[in-house]
Amino acid sequence: MGALSKSPWIIHYDGSSCNGCDIEVLAVLMPRFDLERFGVVNTGNPKHADILLLTGSINHQNAPIVKSIYDQMPEPKVVMAVGICATSGGIFRECYNVLGGADKVVPVDIYVPGCAVRPEALIDAAVQAVGLLDKKRAAALAAEKEKE
Amino acid sequence: MSKRTIIPFGPQHPVLPEPIHLDLVIEDEKVIEAIPSIGFIHRGLEKLVEKKDFIDYVFVAERICGICSFIHGMTYCIAMEELLKLEVPSRAQYLRVIWSELSRIHSHLLWLGLTADAFGFENLFMQSWQIREQILDIIEETTGGRVIFGSCKVGGVRRDISAEKLQEILKKLRSYRNQWTEIGGIFLNDTTVKHRLQGVGKLSMEQAKTLGAVGPMLRGSGVAMDIRMTGYSGYNKLGFTPVVETAGDCYSRCKVRIRELDQSLQLIETCVTQMTEGPLEAKVVGFPNGEFFARSEQPRGEAIYYAKANGTKFLQRLRVRTPTFANLPPLLTALAGCQLADVPVIVLTIDPCISCAER
Ligand code: SF4
């Protein structure tokens with residue numbers, strides 16, 4: 001993480017989870033774990049966000065909304081699947097109404113397992129996301145230069 | 001008459017940790033009607049009883065909602081124990097009450113924080129969650145999990161808490177009480193905060209009764225009704241009386257929750273003094289048979305589990321009625337006629353938990 005890398009803003013969306021992971025996501029933004037020290041800010045507007053944080057195994061009604069949030073986010077963007085139900089469906093895998101994981105709907109970059117996810121794992125993933133974001137941005141800039 | 005406009009609220013909205021969609025019909029700044037649409041979190045957990053046996057299902061029941069997780073698991077266990085005709089040992093019952101009340105304390109603190117956030121008091125939000133983290137530490141020390149405890153099982157509990165640990169917990173909780181009394185004072189006495197809560201989202205006693213409100217929503221409108229009064233899991237031995245406020249607005253519901261924090265601590269204290277050594281679980285023999293309604297009081301209100309079994313490993317039917325679902329009609333009534341800016345506060349005042357409402 002370079003000193004000049006951008007402060008990534010996250011948007012959090014609950015794609016049919018049990019709520020446990022969402023509460024942990026909020027807890028990580030609180031003073032105890034303080035994700036904000038990496039410059040991470042929670043935003044409600046997809047057009048301001050760099051990182052999409054998805055929890056839950058995504059049901060049929062939720063899928064188009066997840067897709068729409070993803071599409072509204074500007075490039076480059078990183079998607080984090082938080083909790084075991086977002087990574088594979090977890091305990092809800094056999095339910096008739098779930099798709100079984102965030103990667104069924106949008107491309108996922110970072111998987112964060114745990115049920116519920118540990119705050120430490122989330123912080124680790126956020127740091128990775130910052131690095132990934134920098135890489136994606138550098139690649140996009142290089143591609144643009146080449147065009148010129 | 002001015003023009004009517006429809007403002008969509010959700011499913012993705014900063015004040016909502018979980019998706020629900022409301023179409024707000026407004027005239028100028030006034031909300032005339034709120035039309036909800038739900039289904040974003042429906043996973044079909046009730047049907048899962050056909051694939052997971054009755055012992056395994058405790059883990060699913062706990063994941064119906066990540067905040068009242070323990071009480072969900074416990075209510076399911078109570079239903080199973082009744083169908084299996086199991087007698088739960090007294091120590092296990094006391095431990096269940098202790099964990100339930102710890103859940104209630106952390107859930108109410110969480111609610112206080114979210115409410116502060118909804119009326120834009122960021123600092124108070126952080127303060128409440130700071131206290132909540134300490135409660136979560138106690139929970140983690142005693143069960144191993146922060147949000148999903150996994151300590152309840154059919155027939156009893158999985159873990160014990162030693163006598164020294166219990167004393168230590170009490171000592172810690174008493175010092176946290178000073179902290180929550182301090183922030184509670186801000187909620188109840190600060191002029192600006194009062195301005196945002198008093199007289200907002202009115203629900204009369206009559207309306208609360210006819211619309212079937214539950215939990216703090218009901219008790220905030222002057223009805224003394226709490227399922228803990230029925231004495232499940234040994235609450236009858238603890239001398240429990242419900243907390244009641246009469247104003248029926250957001251302020252009085254907030255007051256109910258703040259007073260319940262102290263009450264929960266008191267219940268834990270009583271448990272610790274009454275507890276005796278003993279076994280932690282009764283052995284499960286056979287399969288459940290028959291049908292039963294189990295009821296419990298969650299931080300958000302009454303939860304009902306209906307289970308029907310036919311003497312095999314898998315239940316035939318499980319039905320869960322959760323507090324948020326019962327509180328949706330009162331919410332829509334409270335919303336009608338409010339200012340658009342008050343919508344987040346009023347929505348939060350029922351302490352919505354969409355994942356349990358839709359399962
Ligand atoms: S991973 Fe577990 S705790 Fe997290 S949302 Fe899924 S079921 Fe809930």
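A note on names: the letters A, B, ... follow the listed sequences, proteins ahead of strands, and every chain is numbered from 1. This is a predicted model, so every value here is computed, not measured.
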Select one option (side chain, backbone, both, neither) describing which atoms of [X] are under 4.5 Å from chain A's heavy atoms.
X        : answer
B/Glu133 : both
B/Glu140 : side chain
B/Asp56  : neither

message = Looking at B/Gln298 and B/Pro323, would you say the former's side chain and the latter's main chain have a donor-acceptor pair under 3.5 Å?
response = no
Under 4.5 Å from any heavy atom of chain B - which part of [X]:
X        : value
A/Ser68  : neither
A/Ile11  : side chain
A/Ile65  : side chain
A/Cys115 : both

Answer yes if the side chains of [X] and [Y] hold a donor-acceptor pair under 3.5 Å, and no otherwise.
X        : Y        : result
B/Thr75  : B/Ser296 : yes
A/Asp22  : A/His12  : yes
B/Arg300 : B/Thr322 : no
B/His42  : A/Gln61  : no

task = For chain B, find which of A/Val98, A/Val25, A/Ile91 contributes the most heavy-atom pairs closer than 4.5 angstrom.
result = A/Ile91
remark   = Of the listed A/Cys18, A/Cys85, A/Ser16, the one with the largest count of heavy-atom pairs under 4.5 Å with chain B is A/Cys18
For A/Asp109, the option from A/Lys136, A/Lys77, A/Lys135 that meets salt bridge (charged side-chain N to carboxylate O under 4.0 Å, His left out) = A/Lys136
task = Against chain A, work out which of B/Ile64, B/Leu110, B/Ile148, B/Ile67 has the most heavy-atom pairs shorter than 4.5 Å and name it.
result = B/Ile67
ask   = Are B/Phe314 and B/Phe54 an aromatic pair by the rule of ring centers under 6.0 Å?
value = no
